[in-house]
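All values below were derived from every heavy atom in this structure, side-chain atoms included, with hydrogens, water molecules and symmetry-related copies excluded. Every chain is numbered from 1 and lettered A, B, ... according to where its sequence line falls, protein lines coming before strand lines. Since this is a predicted model, take the numbers as computed values, not measurements.
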Amino acid sequence: MSYDFNAIEDKWQAYWAKNETFKAENNSKKEKYYVLDMFPYPSGAGLHVGHPLGYIASDIYARYKRHKGFNVLHPQGYDSFGLPAEQYAIQTGQHPAITTKENIARYREQLDKIGFSFDWSREVRTSNAAYYKWTQWIFIQLFNSWYDIAVNKARDISELETIFASEGNINVQAVCDDDVTQFSAKDWNELSSKEQQKELLKYRLTYLAETEVNWCPQLGTVLANDEIVNGVSERGGYPVIRKKMTQWSMRISAYAERLLQGLETIDWTDSLKESQRNWIGKSVGASVTFNVKGYEDKIEVFTTRPDTIFGATFMTLAPEHDLVTKITTPEQKEEVAIYIQATAKRSERERMADVKTISGVFTGAYAEHPFTKEPVPIWIGDYVLAGYGTGAVMAVPCGDQRDYDFAKHFNIPIKNIFEGVDISEEAFADKENTIIANSDFLDGLKYKKATKTAIYELEKLGQGVGKTNYRLRDAVFSRQRYWGEPFPVYYVDGMPQMIDIAHLPIELPEVEKYLPTETGEPPLGRADVWAWDTLKGELAKNEDIDHVNIFPLELNTMPGWAGSSWYLFRYMDADNENEFASAEALQYWQNVDLYIGGSEHATGHLLYSRFWTKFLHDRGNLPVDEPFKKLINQGMILGTSAIVYRISGSDTYVSKGLKDGYETEELRVDVSLINSSDELDVDSLKQWQPQFKDADFKLEDGKYIVGREVEKMSKRWFNVVNPDDICNDFGADTLRLYEMFLGPLEQAKPWNTAGITGVHSFLKKLWKLYHNDETFAVNDIEPTKDNLKTLHKTIKKVEEDIENFSFNTSVSTFMIAVNELTAQKCTSRAILDPLAVLISPYAPHIAEELWEKLGNSESISTANFPVFEEKHLVESTKQYPISFNGKMRFTMELSLDLSKDEIEAAVMAHEKTQQQLGGRTPKKVIIVPGKIVNLVG
RNA sequence: GCUGAAGUGGUGGAAUUGGUAGACACGUUGGACUUAAAAUCCAAUGUCCAUUAGGACGUACGGGUUCAAGUCCCGUCUUCAGUACCA
């Protein structure tokens, strides 16, 4: 009876589907455990072997936790809105809804083949109206909220209106737009309704504002900061320009401090937390106001070094700073205009690439130093960024290298305010190891005290205040695209109004042309879309908003991260039509215990979902304020591309070993045409693409050898390996084990099919352990001591491995166990029964099959097992000979099932006995739980 | 530049806390079975010296601590990832 993996896997996948084996119950007395994968974009390319890596790891953990007796929620779904789905639809000329549906069907088929224990009854798709109804609902909640700094949480906007009506905004501490001015209750009540709405918009957590956005003409949309990499769009790599547009924004900046603090409470990797910290970019310092000589205007700067204020010998403004044109003197006007034009021409990317060149120009104007009242020349320089702080700096050349370089370049005086520090070569940026000098009342003080004193004195003058600045910007939330959630918004007299939640969802209309436009006009704005009759008709039923026939709807759509920011909660109660999830479900499942996904979402999805979670928590909609308790980043599986070498200008391809004799160019060819020793199947290549049809090949030793390159797995490099092929040839259990065996979960590693036979033959050996040629060979004889030792050793190691997420070493442990038990000719049920349990999280199909043959009625996947619970004494005594001062001595290692305290007590007793007997005591005893290392004389 | 991670055989990678470095697997070599191949099984496989017995050297490099270092400390080099004029 051979190991027929295809039949076994089909059988059990059908069984699991039919019996809904992995359906999680919302009402359970068991302890809950929530294991989640980052849900995929259903792109047209389908899954490659890299995608399931994280899913396999989470599946092992989910299955393990079920065995441990937990009620495990392990759902899956699709992030089906957003740019990738739409780009694919554009390429294939089909409607995104159709391609998305097809892609999802394909993904599902591929996922099912691998045997995941997903609870598909809870599947979510962000592009389903039943789902995005609640995305729209959350948007409305954000619109109806403001952030109260006094209580440090979001509150209902109606409460703010009440405050305004009774006392104005004088006592309100809120996160709001910069241009908010003070008003009294009387002022407020005298405002027109429209003016009041305008004012409230400055406080709402999602608001409409004319902002400088990152506009990508090729994609026809704006992009968030995290969607731009090195100055070009993350998707497609197209140029991005700055443009002013009226856009919806999310006031995530209100949560900057809490997003930072919350990192302390969650179990994520340090590098990921560090990325979020950098992205939030907290810096503590002071805001200082400089008066401009001859003008009423003031220049506000942010500095982290108010202690160095006496070293400020000039100021630098960003070329885009509002005051530049106003304060520039007539003599400098031309020079300044030329400079501004030149910098505007340089793209963001060029500016970033070229940080060495120092450029700037003097405005001719002077500010006044707040303390010395001396004139401070005002310069413009593109090293000052308009987007950070106030777009202006007080330049302290002695303490900041950039200011120093700028000053040297333009011969601006440098004043040394550090005692005994040489600044003739470079600035002195060290805060800690110096004393301030030449600084009036700051003389003789150290950094800390000087900072405090400077802020105190500035506050006394009314020219400064201690301030904490964050790099985190509010997130632009509008996209000029078709394939996204419509906003539940219409406009009356230019002011946004929320559509009543009774009318949700606002469904995305069917359109003929969904391509983006280069001008920024949203696709929904095209005339043909005004067949949006369903919506209009629906809205018209409500007399209050009958005027949607006259007043326009919001035509932008939401960005890709909208739906993914809260999907984890929808899984808890996926079919609920009345709430995004019921209070009971949310209370029971709380949040995700284990989240596995790629690190590329560090500053996007993972930050936004934390933000929405905190917001919904503030508004009483969630019991938790962090979405993901523990997070693991799986490393990427890379492809190994195959390269052929074409002799330039010819149709002749030369084998790798001969290529140095020619001038060649490299072409990538499909990796499936290559065998395990890098030899190319020339005939298949000729079939593969027309360009190779009549090609000649220069062989070495009768073979064409290709070059190899490890790079990202991608269709365009022809290096994609499809998991379906692996499942067909070796089985899903082999694929699962092999992906784990490849190396540590979190590490990037190239896919290489070479080693897969080792894992596959392990499964065959496992099968043979339970079978004697044609018959099932397990019996009820007593296990031997060796049998038990092998089993218990394996249980201990596998449990440790799973808890530590070192799945790769478990596979080795299984191999050793099977080899040992085979050598021991073990046929005892008492061993082979628990062994099947142990392997089942990794290789569930074969485990189920063996488990059934063992005569068990219940599915191995649903039963709880004591095997992971037992504590066992592992008897292993090793002796290591070591050399100590020229004499042979021994160390002894004992593995005991005792706590650390118990071991300590035992060692003390041992020492005492040894002393009483006059024997030698150990020189050193190292104790760790479960083990003693005992150095004896 | 800064931050983080890492550097171990021909290859992927093991080695909880300092305690037999190279588990396990791939590959390679030899053997068994077979008419043959595949499959399967067995043996060898860090490097060097030695016929053997055995010995020397070995975890990027240079130092240090220790009875004992892949692991800890100091310095250097390299690679990968993230980030970047953040005032």
Side-chain angles (χ1 to χ4, degrees), chain A residues 2 229-230 269-275 277-279 281-283 285 288 301-305 308 312 315-316 318 351-358 381-385 387-396 399-403 405-406 429 469-471 599-600 602-603 633 635-636 676-677 737-738 741-744 746-762 764-765 768 797 800-801 803-804 806 808-816 819 822 878-887 889-893 923-924 926-931 933-935:
Chain A
S2 64
V229 179
N230 293 331
T269 60
D270 289 339
S271 68
L272 198 71
K273 287 187 185 181
E274 198 57 29
S275 314
R277 277 190 205 108
N278 290 338
W279 191 260
K282 180 179 182 173
S283 39
V288 184
V301 301
F302 175 75
T303 176
T304 53
R305 298 292 305 275
T308 63
M315 299 189 74
T316 315
R351 233 162 110 167
M352 281 198 299
D354 176 27
V355 296
K356 292 260 154 63
T357 320
I358 294 159
D382 69 357
Y383 79 95
V384 176
L385 304 174
Y388 183 78
T390 59
V393 299
M394 67 172 207
V396 183
D400 183 287
Q401 194 58 42
R402 290 155 305 164
D403 295 342
D405 294 341
F406 195 87
N469 202 42
Y470 297 92
R471 199 187 82 116
S599 55
E600 67 272 20
T603 50
N633 294 125
M636 203 190 299
S676 57
S677 40
L737 281 167
Y738 187 57
F741 186 66
L742 224 40
E746 305 189 59
Q747 189 179 302
K749 53 225 157 213
W751 178 262
N752 172 9
T753 324
I756 203 164
T757 52
V759 169
H760 188 61
S761 67
F762 155 71
K764 286 197 262 190
K765 282 184 205 165
K768 271 173 88 172
K797 181 74 165 74
E800 280 169 5
D801 285 345
E803 294 287 357
N804 296 325
S806 359
N808 54 328
T809 49
S810 283
V811 183
S812 301
T813 307
F814 290 137
M815 289 177 177
I816 294 165
N819 284 340
T822 305
K878 294 191 214 167
Q879 287 212 334
Y880 304 124
I882 58 159
S883 163
F884 177 49
N885 286 354
K887 289 180 184 168
R889 311 235 168 169
F890 294 92
T891 60
M892 252 168 62
E893 180 186 297
K923 183 171 185 267
K924 194 154 86 180
I926 306 153
I927 302 162
V928 290
K931 194 158 99 177
V933 178
N934 188 353
L935 190 68

Engineer: A/Asn278 CG to B/C85 P: how many Å, rounded?
Structural biologist: 13 Å
Engineer: Without decimals, in angstroms, what is the distance between A/Glu600 CD and B/G4 P?
Structural biologist: 22 Å
Engineer: Does OP1 or OP2 of B/G4 have a side-chain N or O of A/Thr269 closer than 4.0 Å?
Structural biologist: no
Engineer: Each nucleotide N or O in nucleotides 8-14 of chain B that has a protein N or O under 3.5 Å away: list the pair and distance.
Structural biologist:
| unit_1 | atom_1 | unit_2 | atom_2 | d |
| --- | --- | --- | --- | --- |
| B/G12 | O2' | A/Leu742 | O | 2.9 |
| B/G13 | OP1 | A/Gln747 | NE2 | 2.6 |
| B/A14 | OP1 | A/Asn808 | ND2 | 3.0 |

Engineer: Between A/Arg277 (CZ) and B/A84 (C1'), how many Å, whole number?
Structural biologist: 19 Å
Engineer: Any strand counts, and the cut-off is 3.5 Å on both contacts for Watson-Crick or G-U wobble. Which nucleotide pairs with B/U47?
Structural biologist: B/A56
Engineer: Would you please test A/Trp279 and A/Tyr470 for ring-ring contact (aromatic ring centres under 6.0 Å, His included) and show each step?
Structural biologist: CA-CA 9 Å; A/Trp279 191 260; A/Tyr470 297 92; over 10 Å; no
Engineer: Look at A/Arg402 and B/C86 and indicate whether a side-chain polar atom (N or O) is within less than 4.0 Å of OP1 or OP2.
Structural biologist: yes
Engineer: Any sub-3.5 Å donor-acceptor pair from A/Asn804's side-chain atoms to A/Ser806's backbone N or O?
Structural biologist: no
Engineer: Got a sec, which residues hit side-chain hydrogen bond (donor to acceptor under 3.5 Å, both in side chains) with A/Arg471, two or more places apart in sequence or on another chain?
Structural biologist: none
Engineer: Over all strands shown, is A/Asn819 touching base, sugar-phosphate only, or nothing at heavy-atom distances under 4.0 angstrom?
Structural biologist: sugar-phosphate
Engineer: For B/U3, does the base pair up with any side-chain atom of A/Glu274 as donor and acceptor (N or O, under 3.5 Å, distance only)?
Structural biologist: no
Engineer: Can you measure A/Met636 atom CE to B/G82 atom P for me and round it to whole angstrom units?
Structural biologist: 8 Å
Engineer: Can you say whether the rings of A/Trp751 and A/Tyr738 are parallel (under 30°), tilted (30 to 60°) or perpendicular (over 60°)?
Structural biologist: perpendicular
Engineer: Searching all strands shown, indicate the nucleotide that pairs with B/C33 (Watson-Crick or G-U wobble; both distances under 3.5 Å).
Structural biologist: none
Engineer: In Watson-Crick or G-U wobble terms, both distances under 3.5 Å, what is the partner of B/A5?
Structural biologist: B/U79
Engineer: How many Å lie between OH on A/Tyr383 and C1' on B/A87, as a whole number?
Structural biologist: 8 Å
Engineer: Going by purine N1 to pyrimidine N3 plus the second Watson-Crick contact, or the G-U wobble pair, all under 3.5 Å, which nucleotide sits opposite B/C72?
Structural biologist: B/G64
Engineer: Both distances under 3.5 Å, Watson-Crick or G-U wobble: report the partner of B/A23, or none.
Structural biologist: none
Engineer: So if I take every side-chain heavy atom of A/Glu800 and compare against B/A23, B/U16, B/U40, which nucleotide ends up nearest?
Structural biologist: B/U16
Engineer: Could you please name the option among B/A84, B/A87, B/G82 that lies closest to any side-chain atom of A/Ser275?
Structural biologist: B/G82
Engineer: So which nucleotide does B/A87 pair with, by the Watson-Crick or G-U wobble rule with both distances under 3.5 Å?
Structural biologist: none
